[in-house]
Amino acid sequence: MTITYTNQVANVRLGTFCRLLLCWRGSIYKLLYGEFLIFLLCYYTIRYIYRRALSETQQAVFEKLSLYCDSYIELIPVSFVLGFYVTLVLTRWWNQYENVPWPDRLMSQVSAYVEGRDEHGRMLRRTLMRYAILGHVIILRSVSTAVYKRFPSLQHLVQAGFMTPGEYKKLEQLSLPHNMFWVPWVWFGNLAMQALHEGRIRDPVLLQSLLNEMSILRTQCGVLYAYDWISIPLVYTQVVTVAVYSFFLACLLGRQFLIPEKAYRGHEMDLVVPILTFLQFFFYMGWLKVAEQLINPFGEDDDDFEINWILDRNLQVSLLSVDEMHQNLPPLERDMYWNEMEPQPPYTVAASQSRRTSFLGSTFNISLPLEDMEFQPIQEESETHQEVIDRFLGQQICEYSSRRLPHTKKKPFRPYSWVRGTPQHQGAQEDGKLRSTDAFKVAPLYETPGYHSAPQTPLSRSPTVFPELFEPHTPHTSSTDAKDQSLKPAGSAPNIYELLPTSDSALGPPEAHPAKRSTDLMDPPEAPRGYLPEPHTEQSPSSLYSTPRELSDPYWTLENRDSTRS
């Protein structure tokens with residue numbers, strides 16, 4: 001019988017759990033008193049023999065044996081072995097309870113899906129639920145001692161009304177050497193399909209839902225059968241039992257109080273009652289008894305499941321729900337909160353202290369002064385776009401990061417072409433070097449949208465360089481590559497470079513060309529003094545970079561060609 005004490009510990013008060021120590025039924029005292037009395041009898045018998053019946057020589061031998069047992073008794077890992085074993089047993093015990101079949105969901109679906117208030121419809125519903133209960137009874141009488149004592153044979157099931165004589169004959173005709181708990185579930189599925197063909201179940205979807213619920217109960221019965229078949233390995237149970245009993249057998253000798261006059265270390269006191277040893281026996285042996293009681297919860301112990309009561313309850317509520325309660329609904333009426341948006345159920349005087357307001361969140365308890373709750377105006381950004389550009393270029397051209405230009409209005413994007421000899425705007429060159437902002441503004445990336453969040457990465461394998469920082473040079477080519485291109489003076493514009501097919505003679509010897517410049521962003525090369533023109537002070541910045549019509553390739557084409565040849 002299950003011992004329930006949940007209501008006694010609902011409210012924590014002084015001595016709540018201490019009052020539970022006075023219970024006898026289902027207590028550790030009821031389980032342990034026999035072993036504890038045997039341990040007391042053995043302990044005091046050995047004590048009497050040591051003090052009264054042994055000679056001096058025999059006492060010396062006993063004392064050596066007692067000291068030896070007391071020294072090595074802790075080598076037995078009782079706590080580890082016993083704790084892991086009890087944890088395994090408790091997990092197994094609760095899993096078995098979770099797989100005890102409860103047909104409440106199935107009976108609700110049978111009552112709703114199987115239609116017909118005539119006698120045949122009533123018979124279909126009652127038979128379906130009786131098959132489900134019969135499957136429960138057959139499996140539970142196979143695993144539970146209490147249920148088997150109640151129904152020791154299948155004839156008792158016929159007499160108890162769980163099975164008809166015709167069903168008993170069908171069951172006997174199978175004559176299989178296996179447990180027959182699965183047969184009623186097969187009958188259930190076939191009868192449900194017959195109800196669909198007869199129009200008692202309107203839709204195959206409803207039939208599928210009904211069979212799914214039936215399969216869940218069938219699976220639970222199979223799990224109970226597996227738990228009864230596959231136990232905790234016997235070796236583990238034997239190890240735990242031997243460890244506990246051998247530990248306390250050693251305690252009978254090692255925990256004896258020796259004669260204080262002999263001055264053995266740790267035996268200066270002579271206590272008649274070894275309180276700590278008795279407590280240790282109470283804890284360890286009680287732990288083992290808990291595992292012994294819970295390892296099979298289908299017996300007749302105090303904390304075993306009340307399977308017979310569960311069977312009676314399931315049969316009663318199942319037949320009631322599918323028979324008298326089928327389509328027997330109370331009249332539809334307006335509830336008392338029909339016109340209320342926020343219903344407030346009343347509280348009694350005893351329950352009024354448990355009334356609470358709705359929880360809105362922990363931050364709703366914060367109080368702020370009125371002046372702190374006013375919105376502040378949105379302030380302008382302290383840094384201009386030029387400052388952002390300077391910070392970005394600070395990782396590439398470190399020596400120019402401190403110089404800034406005044407904020408200028410962005411100009412629309414225009415294709416950039418490398419024009420040799422084109423004058424720069426004012427301040428573009430100082431001491432033969434370019435300002436970082438000027439070098440960056442002429443690059444196409446500066447005018448592209450989204451630059452400030454994520455600069456675009458060119459498709460070239462070489463790092464990004466700025467055209468005004470470097471002089472144009474003719475890349476090296478091989479004599480066998482007929483598709484190479486280089487920069488040549490074109491037409492009447494000697495200072496404008498265009499892409500033309502080139503040959504070995506045009507390129508000249510390899511030693512005549514300058515070496516490939518370093519592209520290290522942390523140490524960029526300086527622009528030659530002679531290649532950059534002097535700052536132009538008369539022309540407006542908007543007309544500085546003009547692109548001839550005949551020039552079709554932008555700067556990126558030259559950059560890509562340079563990277564592929566390198």
Side-chain angles (χ1 to χ4, degrees), residues 3 17-18 20-54 58-90 93 232 234-260 262 264-296 299-304:
I3 307 301
F17 277 78
C18 294
L20 297 178
L21 299 178
L22 304 178
C23 299
W24 172 255
R25 193 180 64 177
S27 64
I28 188 62
Y29 321 118
K30 186 177 180 180
L31 286 177
L32 200 60
Y33 75 94
E35 286 83 355
F36 186 69
L37 291 177
I38 294 175
F39 183 78
L40 287 178
L41 179 62
C42 294
Y43 181 85
Y44 284 107
T45 301
I46 294 175
R47 177 184 174 88
Y48 179 80
I49 294 174
Y50 164 65
R51 298 296 180 101
R52 302 294 181 182
L54 298 180
Q58 293 173 343
Q59 285 183 353
V61 174
F62 177 82
E63 289 164 358
K64 293 180 180 180
L65 181 62
S66 176
L67 293 175
Y68 174 81
C69 292
D70 190 34
S71 300
Y72 294 96
I73 194 173
E74 298 299 333
L75 296 179
I76 303 177
V78 181
S79 300
F80 173 75
V81 175
L82 191 57
F84 187 78
Y85 182 74
V86 172
T87 303
L88 181 62
V89 170
L90 283 173
W93 168 75
I232 296 177
L234 181 61
V235 177
Y236 196 10
T237 304
Q238 291 176 345
V239 167
V240 174
T241 305
V242 170
V244 174
Y245 280 93
S246 61
F247 177 82
F248 288 108
L249 285 177
C251 285
L252 291 176
L253 300 177
R255 301 297 173 83
Q256 292 287 339
F257 287 96
L258 304 181
I259 299 175
K262 296 186 178 182
Y264 288 106
R265 183 179 180 181
H267 292 271
E268 293 81 7
M269 299 180 63
D270 187 12
L271 298 180
V272 179
V273 180
I275 300 177
L276 297 181
T277 301
F278 289 166
L279 289 177
Q280 196 171 22
F281 178 87
F282 186 81
F283 298 147
Y284 284 169
M285 190 61 68
W287 216 354
L288 180 63
K289 285 297 179 181
V290 169
E292 291 178 359
Q293 187 180 28
L294 300 182
I295 194 170
N296 183 13
E300 297 177 310
D301 296 327
D302 288 341
D303 282 315
D304 288 342

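When a residue number appears, it is its place in the shown sequence, counting from 1.
Counting only heavy atoms from C-beta outward, the side chains of Leu40 and Phe278 approach each other to under 4.5 Å.
Residue Ile259 comes nearest to Gln59 through the heavy atom pair CD1-OE1, 3.8 Å, listed as atom of the first residue, atom of the second, then distance. In plain terms, the two heavy atoms of Gly286 and Ile28 that are nearest each other are CA-CD1, 3.5 Å. Here the shortest heavy-atom pairing between His267 and Leu258 reads ND1-N, 3.4 Å. Scanning both residues, Asp304 and Gly299, for their nearest heavy atoms gives OD2-C, 3.0 Å.
Side chains of Ser79 and Tyr284: a donor on one and an acceptor on the other come within 3.5 Å. Under 3.5 Å, the side chains of Tyr264 and Glu63 contain a donor-acceptor pair of N or O atoms.
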Step by step, would you call Leu253 with Phe62 a side-chain contact (heavy atoms from CB on, under 4.5 Å)? CA-CA 8 Å; Leu253 300 177; Phe62 177 82; 3.7 Å; yes
Test log, rule ring-ring contact (aromatic ring centres under 6.0 Å, His included), inputs Tyr72 and Tyr68: CA-CA 6 Å; Tyr72 294 96; Tyr68 174 81; 4.9 Å; yes
Apply side-chain contact (heavy atoms from CB on, under 4.5 Å) to Tyr245 and Met285, showing your working. CA-CA 8 Å; Tyr245 280 93; Met285 190 61 68; 4.2 Å; yes
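The distance between the ring centers of Tyr44 and Tyr48 does not fall below 6.0 angstrom. Ring centroid separation for the pair Tyr29 and Phe36 does not come in under the 6.0 Å cut-off.
Classification of the Tyr85-Tyr236 ring pair by plane angle, with boundaries at 30° and 60°, yields perpendicular. Aromatic ring orientation, Phe39 versus Phe281: parallel (interplanar angle below 30°, classes split at 30° and 60°).
Distance check, rounded to the nearest 0.5 Å: CD of Gln256 to OG1 of Thr277 gives 9.0 Å.
Remark: Phe257 engages no residue in a ring-ring contact (aromatic ring centres under 6.0 Å, His included) (not counting sequence neighbours). Applying the side chain to side chain donor-acceptor pair (under 3.5 Å) criterion to Gln293, with sequence neighbours excluded, gives no partner residue.
Looking at Arg51 and Asp270, a side-chain N of the basic residue comes within less than 4.0 Å of a carboxylate O on the acidic one, giving a salt bridge.
Formation of a donor-acceptor pair under 3.5 Å by the Ser246 side chain with backbone atoms of Ala243 is found in this model.
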